[in-house]
Asks: 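Got a structure here, written out as structure tokens. Questions coming.
Throughout, residue positions are numbered sequentially from 1 according to the sequence presented. Only this structure's heavy atoms are used, side chains among them; waters, hydrogens and symmetry mates stay out.
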Amino acid sequence: QVQLVESGGGLVQPGGSLRLSCAASGSIFSIYTMDWYRQTPGKERELVAGIGGSTNYADSVKGRFTISRDNAKNTVYLQMNSLKPEDTAVYYCNADMTTVYKGGLTRKVYWGQGTQVTVSS
């Protein structure tokens, strides 16, 4: 069974930092891209940062957040600095992967369960 498990969320004061991790496990054949999204109540989930052959960021986090990836560990990280109250959200990772399924290969996007980030004094 393929899983994405996020960790590292929590409560932090404005201006502080957090590092999120998302580890993929299971019968993984190949990972193409890994992304971080966030969602607040009543709003659509938005892309925060992505990494594949290159990286991309939402304008609202450029210069403050850094996405990185450890391919040997099938893990993606999101280093978040200079956090603001408006960064408060549930953060989700996803991965576009090819996995082994019933003796063959299948490609789909998997999602983690989410981790809460709260920025407040």
Asks: Determine the minimum heavy-atom distance between P14 and S121, stating which atoms define it.
Replies: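 Distance-wise, the nearest heavy atoms are CD-N, 3.7 Å.
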Asks: Could you tell me the separation between the CD1 atom of I67 and the CD atom of Q79, rounded to the nearest 0.5 Å?
Replies: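 If I round to the nearest 0.5 Å, the distance is 12.0 Å.
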Asks: Could you tell me whether the side chain of V76 reaches within less than 4.5 Å of the side chain of I51, counting heavy atoms only?
Replies: yes
Asks: Taking only residues two or more places apart in sequence, or in another chain, which ones meet F65 in a ring pair (Phe, Tyr, Trp, His ring centres under 6.0 Å)?
Replies: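 For F65, no residue satisfies ring pair (Phe, Tyr, Trp, His ring centres under 6.0 Å) once neighbours in sequence are set aside.
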Asks: Return the set of residues passing side-chain hydrogen bond (donor to acceptor under 3.5 Å, both in side chains) with Q3 (not counting sequence neighbours), or none when no residue passes.
Replies: none
Asks: Under 3.5 Å, which donor-acceptor pairs link side chains of residues 94-109 to any protein atom two or more places apart or in another chain?
Replies:
unit_1	atom_1	unit_2	atom_2	d
D96	OD1	R107	NE	3.0
D96	OD2	R107	NH2	2.8
T98	OG1	Y32	OH	2.8
T99	OG1	Y110	OH	3.1

Asks: How would you list all residue pairs meeting salt bridge (charged side-chain N to carboxylate O under 4.0 Å, His left out) that involve residues 28-41, not counting sequence neighbours?
Replies: R38-E46, R38-D87
Asks: Could you give me the CA-CA distance, side-chain angles and deciding distance for I31 and N74, then say whether side chain to side chain contact (heavy atoms under 4.5 Å, CB included) is met?
Replies: CA-CA 8 Å; I31 301 178; N74 292 331; 3.5 Å; yes
Asks: Provide the closest heavy-atom pair for W36 versus L47 in the form atom of the first, atom of the second, distance.
Replies: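 Closest heavy-atom pair between W36 and L47: O-CD1, 3.6 Å.
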Asks: Give the minimum heavy-atom separation between Q113 and V5, together with the two atoms involved.
Replies: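 The answer is OE1-CA, 3.8 Å.
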Asks: Would you say that more than 12 heavy atoms from the other residues, nucleotides or ligands in this model lie under 6.0 Å from the CD of E44, or not?
Replies: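 Check fails, neighbour count at 12 or below.
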Asks: Could you give me the CA-CA distance, side-chain angles and deciding distance for L78 and T66, then say whether side chain to side chain contact (heavy atoms under 4.5 Å, CB included) is met?
Replies: CA-CA 6 Å; L78 186 68; T66 302; over 6 Å; no
Asks: Let me have the donor-acceptor pairs involving side chains of residues 20-29, under 3.5 Å, with sequence neighbours excluded, atom names and distances please.
Replies:
none

Asks: Would you kindly confirm whether V90 and L83 end up in one hydrophobic cluster when ILVMFWY residues are joined by side chain heavy atoms under 4.5 Å apart?
Replies: no
Asks: Restricting to side-chain contact (heavy atoms from CB on, under 4.5 Å), what partner residues turn up for S120, sequence neighbours left out?
Replies: L11, T118
Asks: Determine which pairs satisfy side-chain hydrogen bond (donor to acceptor under 3.5 Å, both in side chains) with at least one residue from residues 9-19, sequence neighbours left out, and list them in order.
Replies: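 Every side-chain hydrogen bond (donor to acceptor under 3.5 Å, both in side chains) pair that includes a residue of residues 9-19, provided the two are not neighbours, is S17-N81.
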Asks: For K43, enumerate each residue passing the salt bridge (Lys or Arg N to Asp or Glu O under 4.0 Å) test, keeping only those at least two apart in sequence or located in another chain.
Replies: none
Asks: Name all pairs fulfilling the salt bridge (charged side-chain N to carboxylate O under 4.0 Å, His left out) condition that reach into residues 70-84, sequence neighbours left out, sorted by first residue then second.
Replies: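 For residues 70-84: none.
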Asks: Under 4.5 Å between side-chain heavy atoms, counting indirect links through other Ile/Leu/Val/Met/Phe/Trp/Tyr residues: same cluster for Y37 and L18 or not?
Replies: no
Asks: Would you check if the side chain of E6 reaches a backbone N or O of G114 as a donor-acceptor pair within less than 3.5 Å?
Replies: yes
Asks: Please identify each residue that fulfils side-chain contact (heavy atoms from CB on, under 4.5 Å) with S82, with sequence neighbours left out.
Replies: R64
Asks: Where is the tightest heavy-atom contact between T33 and R69, given as atom of each residue plus distance?
Replies: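 Answer, listing the atom of T33 first, then R69: CA-NH1, 4.0 Å.
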Asks: So which pairs with a foot in residues 77-96 pass ring-ring contact (aromatic ring centres under 6.0 Å, His included), sequence neighbours left out?
Replies: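 Checked against ring-ring contact (aromatic ring centres under 6.0 Å, His included) - neighbours excluded - no pair reaches residues 77-96.
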